[in-house]
Participant: 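I am attaching a structure below and will ask some questions about it afterwards.
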Amino acid sequence: MYSNFKNKVVLITGGTGGLGSALSSELQRAGAKVIVLDLTTEHLKSTNDVLYITTDITSKDAVEQAVQLGIKTFGKLDILINNAGITHMSKFEDTSLELVSTIMNVNFMGSVYITKACLPHLINSQGHIVAISSVAGFAPLYGRAAYSASKHAMEGFFRSLSAEISDQNVDVTVVCPSFVNTRPELKVQVNNGVSSPGAAKNNTNGQVIPPEVAVKQILKAIKNKQPTLLLGRVATIAHWLFHLLPNTYMKVMTKGAKQEF
């Protein structure tokens with residue numbers, strides 16, 4: 001299934017834990033070379049197949065240096081997976097502006113910085129850009145106003161970018177998961193600042209997606225050059241419900257989300 005990834009060079013942000021780590025492992029098994037960017041990688045050893053680079057993706061200079069090192073090591077870049085992201089659980093009235101800024105910087109501007117640095121190499125290889133968004137990227141989410149804003153920004157940016165670079169044979173896939181259970185050891189706390197999108201919640205509406213299922217569907221979407229992947233049954237239902245019956249979506253979503261508070 002994954003033979004088309006053999007000898008491809010893939011860069012993954014947020015690649016040492018959760019979904020990023022699962023993607024990295026599967027891509028290496030498929031014969032790809034992987035460049036992993038994350039805040040802490042010192043405990044991990046690079047090999048001939050994977051290069052770990054400690055990088056703060058909110059720093060434009062750090063991102064540019066990391067991309068240069070990755071290209072120097074593997075000689076090219078075929079696929080960029082914008083996976084790094086953080087979330088929160090707090091109503092806007094209880095959310096500091098500093099937290100809003102942090103979430104926008106990591107989720108949106110971090111993706112912009114890495115994409116800008118990678119784009120010339122992806123144009124050269126006629127490569128592929130993947131943006132890991134969320135149901136919150138196309139629909140509202142109670143108690144996640146800052147997170148939803150960052151994911152809406154991501155989707156607007158990457159869909160517009162797709163229109164700009166399609167003539168250069170660079171593909172873009174926007175992935176919209178509901179809840180991928182990547183960090184079950186963590187627990188989301190209300191009004192407790194930044195948290196991992198994969199941390200366990202008090203109430204999760206509908207299907208919880210195992211990481212291995214998410215990885216399989218994401219790699220299939222890349223292989224098929226799929227513009228949008230609604231990852232999981234909940235994401236598909238939410239997409240159509242919000243677009244066809246937005247008032248109903250708001251009622252159902254709000255009722256379920258309030259149970260987390």
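Values below: every heavy atom of this structure, side chains too, minus hydrogens, waters and symmetry copies.
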Participant: Can you get from Leu231 to Ile237 by hopping between Ile, Leu, Val, Met, Phe, Trp and Tyr side chains that sit under 4.5 Å apart?
Facilitator: no
Participant: Going by side chain to side chain donor-acceptor pair (under 3.5 Å), name the pairs with one or both residues in residues 62-72, residues two or more places apart or in two chains.
Facilitator: none
Participant: Give me each pair satisfying side chain to side chain donor-acceptor pair (under 3.5 Å) with a member in residues 164-174, each pair once, sequence neighbours excluded.
Facilitator: His128-Thr173
Participant: Could you list the residues that satisfy side-chain hydrogen bond (donor to acceptor under 3.5 Å, both in side chains) with Asn224, not counting sequence neighbours?
Facilitator: none
Participant: What pairs with Ser162 under side-chain hydrogen bond (donor to acceptor under 3.5 Å, both in side chains), at least two apart in sequence or on another chain?
Facilitator: none
Participant: Which residue pairs pass the side chain to side chain donor-acceptor pair (under 3.5 Å) test with at least one member in residues 152-161, sequence neighbours excluded?
Facilitator: Ser133-Glu155, Ser148-His152, Glu155-Arg159, Arg159-Thr228
Participant: Name all residues meeting the side chain to side chain contact (heavy atoms under 4.5 Å, CB included) criterion together with Leu39; count only those two or more places apart in sequence or in a different chain, and write none if there are none.
Facilitator: Asp56
Participant: Asn107: which residues meet the side-chain hydrogen bond (donor to acceptor under 3.5 Å, both in side chains) condition with it, sequence neighbours left out?
Facilitator: Ser150
Participant: Would you kindly confirm whether Val34 and Leu44 end up in one hydrophobic cluster when ILVMFWY residues are joined by side chain heavy atoms under 4.5 Å apart?
Facilitator: yes
Participant: Quick one: are Ile114 and Leu11 in side-chain contact, heavy atoms under 4.5 Å?
Facilitator: yes
Participant: Extract all donor-acceptor atom pairs below 3.5 Å that involve side chains of residues 117-126 and protein atoms in other chains or at least two apart in sequence.
Facilitator:
{"from": "Ser125", "atom 1": "OG", "to": "Leu77", "atom 2": "O", "distance (Å)": "2.7"}
{"from": "Ser125", "atom 1": "OG", "to": "His121", "atom 2": "O", "distance (Å)": "3.2"}
{"from": "Ser125", "atom 1": "OG", "to": "Leu122", "atom 2": "O", "distance (Å)": "3.4"}

Participant: Taking only residues two or more places apart in sequence, or in another chain, which ones meet Tyr142 in a ring pair (Phe, Tyr, Trp, His ring centres under 6.0 Å)?
Facilitator: Phe261
Participant: At what distance, to the nearest 0.5 angstrom, does CG of Leu97 lie from OG1 of Thr102?
Facilitator: 10.5 Å
Participant: Enumerate donor-acceptor pairs with a distance under 3.5 Å from any side-chain N or O in residues 19-27 to protein atoms, sequence neighbours excluded.
Facilitator:
{"from": "Ser24", "atom 1": "OG", "to": "Gln28", "atom 2": "NE2", "distance (Å)": "3.0"}
{"from": "Ser25", "atom 1": "OG", "to": "Ser21", "atom 2": "O", "distance (Å)": "3.1"}
{"from": "Glu26", "atom 1": "OE1", "to": "Arg29", "atom 2": "NE", "distance (Å)": "3.3"}
{"from": "Glu26", "atom 1": "OE1", "to": "Arg29", "atom 2": "NH2", "distance (Å)": "2.9"}

Participant: Only counting residues at least two apart or in another chain, list the ones meeting side chain to side chain contact (heavy atoms under 4.5 Å, CB included) with Lys76.
Facilitator: Val9, Asp78
Participant: Checking Thr41 against Thr16: is there a side-chain donor and acceptor pair closer than 3.5 Å?
Facilitator: no
Participant: Which residue pairs pass the ring pair (Phe, Tyr, Trp, His ring centres under 6.0 Å) test when at least one of the two sits in residues 217-260, sequence neighbours left out?
Facilitator: Phe138-His239, His239-His243, Phe242-Tyr249
